[in-house]
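Just so we're on the same page: letters track the sequence lines, and every chain starts at 1.
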There are 2 protein chains.
Amino acid sequence: MRKLGRELGVEAMSLYNHVPNKEALLGGMVEVLIEGLEIPAATSGGWEGKVREAFRSYLKLARAHPEVFQLFATRPLGTGEALRIFEVLRGAGLELVPALQAFRALSSYTVGYALAEIRGFPLELEGGPRALELAPPLKEVDRDAQFDFGLDLIISGLRQKLDPDGAQGDPPRRSRRGPEHQ
Amino acid sequence: MRKLGRELGVEAMSLYNHVPNKEALLGGMVEVLIEGLEIPAATSGGWEGKVREAFRSYLKLARAHPEVFQLFATRPLGTGEALRIFEVLRGAGLELVPALQAFRALSSYTVGYALAEIRGFPLELEGGPRALELAPPLKEVDRDAQFDFGLDLIISGLRQKLDPDGAQGDPPRRSRRGPEHQ
DNA sequence: ACCTGAACACCGTTCAAGT
DNA sequence: ACCTGAACACCGTTCAAGT
């Protein structure tokens with residue numbers, strides 16, 4: 001509070017005229033962060049693409065504001081914040097319960113991945129003599145690819161559950177009741 | 001430090017004879033937490049079961065010590081800590097690179113899920129008049145089922161990638177080069 | 001080798017007093 | 001309506017001095 005006051009050219013105590021306490025201030029920062037989430041308009045590729053883009057944009061936010069994101073990740077979640085992303089799943093055509101399960105799975109993964117990236121991957125997993133030989137895959141993590149790897153694992157798992165006769169990513173056969181029709 | 005000192009019947013400054021600073025103390029707590037991770041011996045069911053049990057036990061740890069786990073989740077990760085779980089993947093027969101990708105995906109998900117549980121799910125996603133009608137699926141999350149939902153999504157996605165001609169969980173056909181043979 | 005008093009440089013927050 | 005000085009009850013940490 002004292003430092004923030006200084007930054008604003010004011011004494012720390014003045015802040016209490018505008019904010020109840022420090023906790024509320026941090027909460028507000030988190031709120032602003034979440035409001036900044038850009039949910040991309042529907043692209044081609046059905047709900048999968050839409051969901052993938054939404055969570056990529058989630059990760060982008062975490063990368064842009066790692067400190068605030070860490071606050072966010074360990075703070076009780078306001079329902080409004082969750083709704084932003086939940087609506088993507090619903091809007092993509094998922095029923096209530098599957099949408100909820102999917103929402104929790106996808107946001108758990110995304111939050112966990114973002115934190116892992118922020119705090120840094122354990123790069124040098126093997127310190128032994130083979131370290132140099134193994135260096136390439138360990139040293140430089142392709143962050144986008146690593147995130148997509150897990151994200152697509154979950155998304156295609158969801159697709160199979162929701163649409164068991166859909167093809168594996170090849171040109172889709174006619175699906176009896178595709179979730180993409182709202 | 002002052003409170004801990006009091007708890008130990010000693011002045012705060014005495015702690016600095018045993019620990020460099022507060023940061024190191026918290027780091028030590030995280031270390032102890034991770035050392036407490038019980039990796040279950042191989043059960044039936046191939047690497048999938050082993051991996052599933054390992055990450056369930058990870059979640060169990062987070063539930064048992066939520067405060068320390070939150071510290072863990074936002075702290076740079078020591079390599080020793082990661083090795084504990086990484087070894088399960090390797091021991092389960094995965095090659096280096098797939099094991100790394102799988103490790104990052106699975107632990108991202110598990111850490112993210114654990115945090116979501118700790119800070120509380122946004123239960124009342126819809127506050128409108130339909131809230132009561134929708135209550136059952138929203139009000140009480142079956143936590144174990146929700147965790148397994150996402151975990152199994154990832155695990156079976158991995159299985160498909162590693163063993164494309166394996167069956168969907170039915171009695172497995174002979175696999176050409178099953179990852180279970182180290 | 002371990003503990004302590006005193007001190008330093010900080011915190012968040014309240015509140016009566018100012019304008 | 002907003003800001004401030006003074007004060008309260010805290011922090012983590014250092015260091016010379018004790019045993």
Side-chain angles (χ1 to χ4, degrees), chain A residues 1-37 61-82 111-112 114-122, chain B residues 1-37 61-82 111-112 114-122:
Chain A
M1 306 302 280
R2 286 168 137 105
K3 195 187 290 189
L4 175 61
R6 205 178 309 133
E7 202 114 357
L8 299 174
V10 104
E11 300 300 317
M13 315 74 100
S14 307
L15 299 172
Y16 291 87
N17 284 304
H18 304 94
V19 146
N21 51 37
K22 185 183 175 181
E23 192 55 29
L25 199 59
L26 298 178
M29 291 170 66
V30 168
E31 211 176 311
V32 170
L33 179 82
I34 299 297
E35 276 164 11
L37 180 63
L61 216 66
R63 284 171 171 167
H65 303 283
E67 274 91 3
V68 185
F69 186 79
Q70 274 173 297
L71 287 181
F72 162 73
T74 55
R75 198 159 295 265
L77 198 53
T79 84
E81 304 161 17
V111 169
L115 286 180
E117 217 188 84
I118 289 169
R119 61 187 174 159
F121 294 106
Chain B
M1 306 301 281
R2 287 171 136 104
K3 194 187 292 188
L4 175 60
R6 205 178 310 134
E7 202 114 357
L8 298 174
V10 105
E11 300 300 318
M13 315 75 102
S14 307
L15 299 172
Y16 291 87
N17 283 306
H18 305 94
V19 145
N21 51 38
K22 186 184 176 180
E23 193 54 29
L25 199 59
L26 297 178
M29 291 170 65
V30 168
E31 211 175 310
V32 169
L33 180 82
I34 298 298
E35 277 163 10
L37 179 64
L61 216 66
R63 285 172 170 166
H65 303 284
E67 274 91 4
V68 185
F69 186 78
Q70 273 173 301
L71 287 180
F72 163 73
T74 55
R75 199 159 293 267
L77 198 55
T79 83
E81 305 160 15
V111 168
L115 286 179
E117 218 189 81
I118 288 170
R119 61 187 175 159
F121 293 107

* To do: Could you please name the option among D:dG5, D:dC3, C:dG12 that lies closest to any side-chain atom of A:Lys22?
  => C:dG12
* To do: Calculate the interatomic distance between A:Lys3 atom NZ and C:dC10 atom P; express it in whole Å.
  => 10 Å
* d(CZ, B:Arg6; C1', D:dC11) in whole Å -> 12 Å
* To do: Give B:Met1 one of three labels, base, sugar-phosphate or nothing, depending on what nucleic acid heavy atoms sit under 4.0 Å from its own.
  => sugar-phosphate
* Write down the distance between CG (B:Leu25) and C1' (D:dT13), rounded to a whole number of angstrom. => 14 Å
* Structure fact -> Between CG of A:Asn17 and C1' of D:dC2 the distance, given in whole Å, is 5 Å
* Hey, does the side chain of B:His18 come within less than 4.0 Å of C:dC3's phosphate (OP1/OP2), counting only N and O? -> yes
* Report yes if at least one side-chain N or O of B:Ser14 is closer than 4.0 Å to OP1 or OP2 of C:dT4; otherwise report no. => yes
* Nearest-angstrom distance from the residue atom CG of B:Leu8 to C1' of C:dC2 -> 14 Å
* B:Arg2 has an atom CZ; how far is it from atom C1' of D:dT14, in whole Å? -> 12 Å
* Would you please test A:Arg75 and A:Glu23 for side chain to side chain contact (heavy atoms under 4.5 Å, CB included) and show each step? => CA-CA 10 Å; A:Arg75 198 159 295 265; A:Glu23 192 55 29; 2.4 Å; yes
* Structure fact -> Re C:dC10: Watson-Crick or G-U wobble partner, both distances kept under 3.5 Å, found to be none
* Asked: Does D:dC15 pair with anything, Watson-Crick or G-U wobble, both distances under 3.5 Å, and if so, with which nucleotide?
  -> C:dG5
* Please report, rounded to the nearest Å, how far the C1' atom of C:dA1 is from the CG atom of B:Leu15. => 16 Å
* To do: Taking all non-hydrogen atoms of both residues into account, name the closest pair between A:Gln70 and B:Thr74 and its distance.
  => NE2-O, 3.2 Å
* Please measure how far the P atom in D:dA9 lies from the corresponding atom in C:dC10, and state the result in whole Å. => 22 Å
* Would you kindly check if the NZ (Lys) or CZ (Arg) of A:Arg119 is within the cone defined by 45 degrees around the ring axis of B:Phe72 and under 6.0 Å from the six-membered ring centre? => yes
* Closest approach of A:Ala24 to A:Val19 (non-hydrogen atoms, all atoms of both residues) -> CB-CG1, 4.5 Å
* **Exercise: identify the closest heavy-atom pair between B:Gly36 and B:Leu61** => O-CD1, 3.7 Å
* What's the CG-P distance between B:Asn21 and D:dT14, to the nearest Å? -> 8 Å
